[in-house]
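Remarks on the structure that follows.
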Amino acid sequence: VTADESRILRDLTQRLVEAEATIAALLSGQIDAVVDPASKTPVLLGEAQRALRASEERYRRIVETTNEGIFTTDVEATITFVNRRLAQMLGYPIEEMLGKTLRDFLPGGAADVTTLPPRGEISDDEVSEEAEVRLVRKNGSGVWAQLNRSEIRDSEGKIIGSLAMVTDRTRHRSDQTALRESEMRFRRLADSGIIGITIARLGGQVIETNDAYLNMIGFSRSDLSLGNRLLTDLTPPEFRHFNERAKEQLLTLGFARPWETESFHKDGSRISLLVGVAMLEDGKYIAIMSDITERKHAEAAHLRAEESLRRKEEQLRQGQKMEAVGRLAGGVAHDFNNVLSVILSYGELILEDLKPADPLRIEIGEIHKAASRAAGLTQQLLLLSRQKVIEPKVVDLDEVLSSMRTMLERILGEDVKLLVTMTSSSGARVRVDESHMEQVILNLIVNARDAMPRGGTLTIETSNILLTKEYISKHGPAKDGPHVMMSVTDTGSGMDRETQTRIFEPFFTTKEAGKGTGLGLATVFGIVQQSGGNIAVESELGTGTTFKIYLPRVDAAVDSPQIMTLPARLRGTETILLVEDEEAVRSVTMSILRRQGYHVVPAQHPGEALLICERHQGAIDLLLTDVVMPQMSGPELAKRLAEMRPSMKVLCMSGYTDEAVLRHGVLGMDAFLQKPITPARLTRKVRDVLDGARAARATCPPPAD
Amino acid sequence: MPNAKTRAVLRLRLYVAGDAPNSLRALSNIKAICASHYPSRSELEIVDVLEQPGRAFADGIIVTPTLMKLAPLPVQKVIGNLSDIGQVLLALATK
């Protein structure tokens, strides 16, 4: 075989292989289209045909449902297709339009747009032509239409016709009419008095303004015209930078983002405005202004209300914190008082026994002093926890201050001048525990003195004031109504805000370690709150501090001070049943009482006490019992023994007093003794109770210090 | 020379009929094969016979889908939707 024959053979084999592959593909349904070699047109098969039909159907639907009129022409500009919308637009049946040219739908003379420019060359970019034409309907009326045309090319790129989209612009024309109406409405708005409108030069000279704006600012038109007053002059200085920014935006963007500002009113007051501006021609701009003064006021009021709420929450939190710390402190104080009872009592007993010249006297004295200080501290803790028995009575603060004056001057020293200004003759009567009030004054004075190490002036002032609801909403939980205000002002170092918010916290102190307990102001806070009052502080660094205490004023007469009749003798021979679960306290109590000649029967717990009461032959004159004990409380025990021994007096003692104990006290106790006990207080109290002094009922002496 | 083989660029032309189902399947198949076996070494041209029936005639294409391997030579054709990957790879492999 020749080379040619070999090539032909290879080609034939190749075509045979392809033919086989084609048949196989056809049989397995992998063929979409067959290209007919004669007509060079592809014929779609089966599924492909259906898919194409579906695709054509989609396009047909788009063409038929679009709001645009569509038609196609051949190269002679003869219309070959018209969609329903276009036929509808022109009022012709579709078939009447086919075969015509666009020229047939134009008024005479406008022939230019009917044919495409001759373009023989093959070009990739499709030229789209736009024109606005007036088409004539079948009934002779006109339609304004926007025409967008593009060429249709065949697969070789040759132009075979054109496609045109026809948009009905009649509606657009009526839009312009609507714009004119809108302008009319705008003018009416301008005249309505709701919105201020001003046209001015960029320099601020007013050219034109409406009445609404004049009403807002109170000026007359002639006040503003002729450049008498520039718009910028009406802007308070702190808002002028907004004007500058707006001017920049006007020049770059042609408008400025609306902003809130203030403007002077003719009467000197200020109004709040929302302003928007837009550039006009020739360096002029238009400003639209809305008066938002009322809205601003409402917003400010809202902010104030929120601030007041926040304050109240803070006060509440502070109160809760104090209570938590107070409860803890109360618990500690209870145990502490038992220990102190023992130390103080033995200290006193030993001192009694020692010869006057005994060298041990000094040491024992120091122990006793230290324990006394600890007892004072414990009292403060109890006050804080509001678990100390308080004895409120009507006192006159002016009188309290007067009686303390000498002492206060001594505490303040020579460098600090004390000024006391009292209320007028009306007096400053409040219902408080007098000893507590004294402590409040002392604590404040000591703090004030420490704030003025190089001297200064301390002013104490009392006055009668009426607390308004407004004040209370700002400053805290007090009742409205007549109050006595006592202020303590120093000219000392003052406090920063951070310190001011914390001064009433227990254990917060600014004093050096060892100098302050951090309980002073916390105690003051506790006492004032307990008395139904309120305390406020104002302070400025370097200027000084003022504490103001508000206490509800009472009209009742001042309670006459109780006459403390000293018992003629402190000794006795009566029988005392002592119930105390704490052994050290029990034995020291026993020692104290036996030294005074009493016959003491000790019991470790209420059960033992019951037994003793049943078996004891002689009389038992007094039940001296602890309050808080494991199985049974002191008052409960007293109640059970009351039937058995009705004439037996009861004296309860406790280092820990809650309201429940107090209520019990009123019902079952003849007297109450606050721990820590000391020989002097115990013997006096026992004697009082045995002698039936009614005045001693449910009272407790001032804390030992 | 395995290096020369791997460097050779594969030029392909796929004839399709619009969005017809087998044409779409063939297109996605050949794209997947190129991506996994000839990454960044293949060029694929797609010719729609509905738009350009003249080119199909010139290439002697009778049915779609048909894949033509133009380079490296010799020219090879694969007819059908190209779901038989083994057959496609065999046709594309340089002899």
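Protein chains get the first letters and strands the later ones, always in sequence-line order, with residue 1 at the start of each. Worth knowing before you read on, the calculation uses all heavy atoms, side chains too, and leaves out hydrogens, waters and symmetry mates.
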Return yes if a side-chain donor-acceptor contact under 3.5 Å exists between Thr64(B) and Asp32(A), otherwise no.
-> no
May I have the step-by-step check of side-chain contact (heavy atoms from CB on, under 4.5 Å) for Ile79(B) and Ile31(A), ending in yes or no?
-> CA-CA 8 Å; Ile79(B) 295 156; Ile31(A) 298 303; 3.7 Å; yes
Minimum heavy-atom distance Gln30(A)-Ser83(B), with the two atoms named = NE2-OG, 4.3 Å
Neighbour count >12 (heavy atoms, 6.0 Å) for atom CZ, Arg84(A) | no
Taking side-chain contact (heavy atoms from CB on, under 4.5 Å) as the test, write out the residues that go with Ile85(B), two or more places apart.
-> Ile33(B), Leu89(B)
Report the option among Leu82(B), Val78(B), Val49(B), Ile61(B) that has the most heavy-atom pairs separated by less than 4.5 Å from atoms of chain A.
-> Val49(B)
Sequence-distant partners of Phe71(A), ring-ring contact (aromatic ring centres under 6.0 Å, His included), two or more places apart = none
Heavy atoms from other residues, nucleotides or ligands near NZ of Lys31(B) exceed 12 (cutoff 6.0 Å) | no
